[in-house]
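Order of the sequence lines fixes the chain letters, A, B, ..., with proteins taken first and strands second; residue numbering starts at 1 for each chain.
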Protein chains: 2
Amino acid sequence: MANVKVPKLPTIRRLPTYLYKLSEMRKAGIEIVATPELARYMNLGEIVIRKDLALTGVTGQPGVGYKVRELIDAIKRYLNWNNVSEAVLVGAGALGSALMGYEGFEEYGLRIIAAFDADPLKVGTEVRGRSVFDIDRLEELTRRLQVRMGIICVPADQAQDIADRMVAGGIKAIWNFANVSLKVPDDVIVQREVIAGGFAVLSVKMSRKLLEEDAQD
Amino acid sequence: MANVKVPKLPTIRRLPTYLYKLSEMRKAGIEIVATPELARYMNLGEIVIRKDLALTGVTGQPGVGYKVRELIDAIKRYLNWNNVSEAVLVGAGALGSALMGYEGFEEYGLRIIAAFDADPLKVGTEVRGRSVFDIDRLEELTRRLQVRMGIICVPADQAQDIADRMVAGGIKAIWNFANVSLKVPDDVIVQREVIAGGFAVLSVKMSRKLLEEDAQD
DNA sequence: CTAATTTAGATAAAAAAATATCGATAATAA
DNA sequence: TTATTATCGATATTTTTTTATCTAAATTAG
């Protein structure tokens with residue numbers, strides 16, 4: 001896998017949330033925002049906010065705050081969300097359909113242009129406006145469409161096979177929702193989304209809270 | 001929000017992935033696993049693996065490895081996934097349906113027992129075996145069913161309202177898929193899942209890689 | 001106009017996480 | 001039996017992330 005070291009990862013993960021809030025503010029006609037307001041919104045300390053925003057290169061004005069518009073532009077530029085990334089999605093099941101139905105992605109510069117599935121009942125149909133192709137055509141179509149990003153929404157035991165086909169088709173970045181880590185060549189980037197990971201954190205927090213409550217009695 | 005400080009968060013997020021791999025191994029009849037194999041699977045260093053496993057309390061045998069069964073039990077115990085958590089889900093749209101359709105949750109001790117939605121067309125229907133109730137009955141039914149966990153899959157602008165109703169209904173833990181941070185009383189835990197966060201990381205990694213490649217020429 | 005307040009940004013310290021080193025234990029091969 | 005290899009676990013180091021402190025700039029109230 002491409003060994004692209006990216007520090008400030010927690011900050012990067014937070015940027016989309018800033019972006020949402022700032023977009024709402026702009027829609028409401030607000031032009032300036034100060035740290036304390038964002039801190040309340042994000043449930044974070046003020047210093048965190050300033051550090052996060054500093055990463056994008058914007059510079060606020062002491063005593064005043066940041067320009068909303070400037071922040072939005074800077075965040076999008078930092079994330080490279082100005083340029084549209086076209087992607088193919090494999091696995092038009094529940095999760096795959098959900099992702100295709102998420103309109104927010106357009107805002108993020110992500111455009112899913114085609115879906116693939118192994119199920120003959122799904123092949124040939126449309127899911128939220130995208131054609132579902134036979135999985136056997138993944139490599140060919142990916143290459144022809146010059147797509148560089150792939151999204152994997154298949155069960156864990158099929159994910160590696162799909163990843164191999166994506167790589168064969170010229171994919172250079174994979175967003176992997178299957179609960180396995182993929183083996184890919186050095187020049188391919190994989191970002192794994194383990195939804196269960198968040199639930200694990202929630203579970204541990206709950207256990208801890210119960211223990212704390214018991215301890216208080 | 002309940003201020004439950006939990007260190008070793010990255011480890012906790014990784015535990016479900018270990019759990020999947022270990023379950024597969026057990027199904028295949030494998031009883032012992034050593035760090036190098038897990039390290040390859042996880043795409044992580046061996047030391048990380050040992051530290052992660054140590055957190056659960058298991059102790060391996062030098063020169064041999066860890067007992068698969070013991071690890072599975074220890075991870076589940078650590079995450080409190082032995083005990084079933086019943087949850088209600090609000091927002092039976094694309095993402096909500098996907099979550100209800102994910103069979104893996106049973107393995108994690110999560111049981112979604114009912115769904116709620118504001119859309120009259122959805123109310124009264126069934127989604128993947130669960131009844132969809134009117135959102136106005138959320139508080140009442142949550143209280144009657146004694147459910148303590150809620151999953152929010154509604155658009156960002158409705159999430160706070162749903163959270164308030166959940167809290168009114170006695171919910172103590174919220175798994176929030178909306179892209180906002182929620183204000184809740186101190187004794188309620190919120191775990192937020194920002195799917196776009198992962199995409200942000202992927203985007204930055206891609207930009208960096210392009211820069212690196214350009215630099216090499 | 002001056003003083004108090006709000007706020008950004010730089011520097012520093014603390015905490016957490018990732019990584020490295022080394023000794024000890026068990027299995028395997030000579 | 002002995003030497004070699006594989007592996008865990010304890011300790012130490014480095015890096016990353018979070019948190020704190022202080023200074024300077026801008027606004028607002030008196």
Side-chain angles (χ1 to χ4, degrees), chain A residues 1 3-15 17-18 22 25 30-71 74-75 181 192 194 197 200-201 204-205 208, chain B residues 1 3-15 17-18 22 25 30-68 70-71 74-75 78 181 197 200-201 204-205 208:
Chain A
M1 196 195 328
N3 188 22
V4 186
K5 280 278 174 188
V6 178
K8 307 284 177 190
L9 233 97
T11 295
I12 294 167
R13 286 191 166 277
R14 283 192 287 265
L15 290 180
T17 308
Y18 290 105
L22 293 166
M25 295 181 87
I30 299 165
E31 290 178 358
I32 300 287
V33 63
T35 308
E37 182 176 359
L38 288 175
R40 272 193 305 278
Y41 179 77
M42 303 288 290
N43 273 326
L44 293 169
E46 296 187 10
I47 302 128
V48 181
I49 309 290
R50 292 202 193 100
K51 293 260 164 171
D52 284 354
L53 300 184
L55 183 68
T56 69
V58 285
T59 152
Q61 195 151 22
V64 186
Y66 300 86
K67 290 182 185 164
V68 172
R69 178 135 216 159
E70 211 173 277
L71 276 180
I75 292 174
S181 69
R192 183 140 142 257
V194 185
V201 174
V204 171
K205 282 185 186 165
R208 298 282 168 92
Chain B
M1 196 194 330
N3 187 23
V4 186
K5 281 277 175 191
V6 179
K8 306 286 175 187
L9 234 96
T11 295
I12 294 168
R13 285 190 167 277
R14 285 192 286 265
L15 289 181
T17 308
Y18 290 106
L22 293 166
M25 295 181 86
I30 299 165
E31 291 179 356
I32 300 287
V33 63
T35 308
E37 182 176 359
L38 289 174
R40 271 193 306 278
Y41 179 78
M42 302 287 290
N43 274 326
L44 293 169
E46 297 188 8
I47 303 127
V48 182
I49 310 290
R50 292 202 193 100
K51 294 262 166 172
D52 284 355
L53 300 184
L55 184 67
T56 69
V58 285
T59 153
Q61 196 152 23
V64 185
Y66 300 85
K67 291 184 185 164
V68 172
E70 212 173 275
L71 276 180
I75 293 174
Y78 185 84
S181 69
V201 174
V204 172
K205 282 185 186 166
R208 298 282 168 91

Rounded to whole Å, please give me the gap between CD in B:E37 and C1' in D:dT7. 14 Å

Contact between A:R192 and B:T17 at the side-chain level, heavy atoms closer than 4.5 Å - yes or no? yes

Round to the nearest Å and state the distance from B:L15 atom CG to C:dA17 atom P. 13 Å

In whole angstrom, what separates A:L44's CG from D:dT17's P? 15 Å

To the nearest Å, how far apart are B:L53 CG and D:dT7 P? 14 Å

What one should report as the nearest heavy-atom pair of A:I32 and A:I30 is O-CG2, 3.4 Å

Checking all strands, does A:R14 fall into the base, sugar-phosphate, or nothing category for heavy-atom contacts under 4.0 angstrom? sugar-phosphate

Round to a whole Å and report the spacing from CG of A:L9 to C1' of C:dA16. 15 Å

Can you give one letter per nucleotide of nucleotides 4-14 of chain C, going 5' to 3': B for a protein heavy atom under 4.0 Å from the base, S for sugar-phosphate only, - for none? --BBBB-BB--

Round to the nearest Å and state the distance from A:N43 atom CG to D:dT19 atom P. 13 Å

Can you list every side chain to side chain donor-acceptor pair (under 3.5 Å) pair that touches residues 47-59 of chain B, not counting sequence neighbours? B:T11-B:D52, B:R14-B:D52, B:Y18-B:D52, B:T35-B:R50, B:E46-B:R50

Over all atoms of both residues, closest heavy-atom pair of B:V58 and B:L53: CG2-O, 3.4 Å

Between D:dT27 atom P and A:I32 atom CD1, what is the distance in whole Å? 10 Å

Atom CZ of A:R13 to atom P of D:dT16: distance rounded to whole Å? 17 Å

Side-chain contact, heavy-atom cut-off 4.5 Å: B:R13 with A:V194? no

Scanning both residues in full, the closest heavy-atom pair of B:V68 with B:M25 reads CG1-CB, 4.4 Å

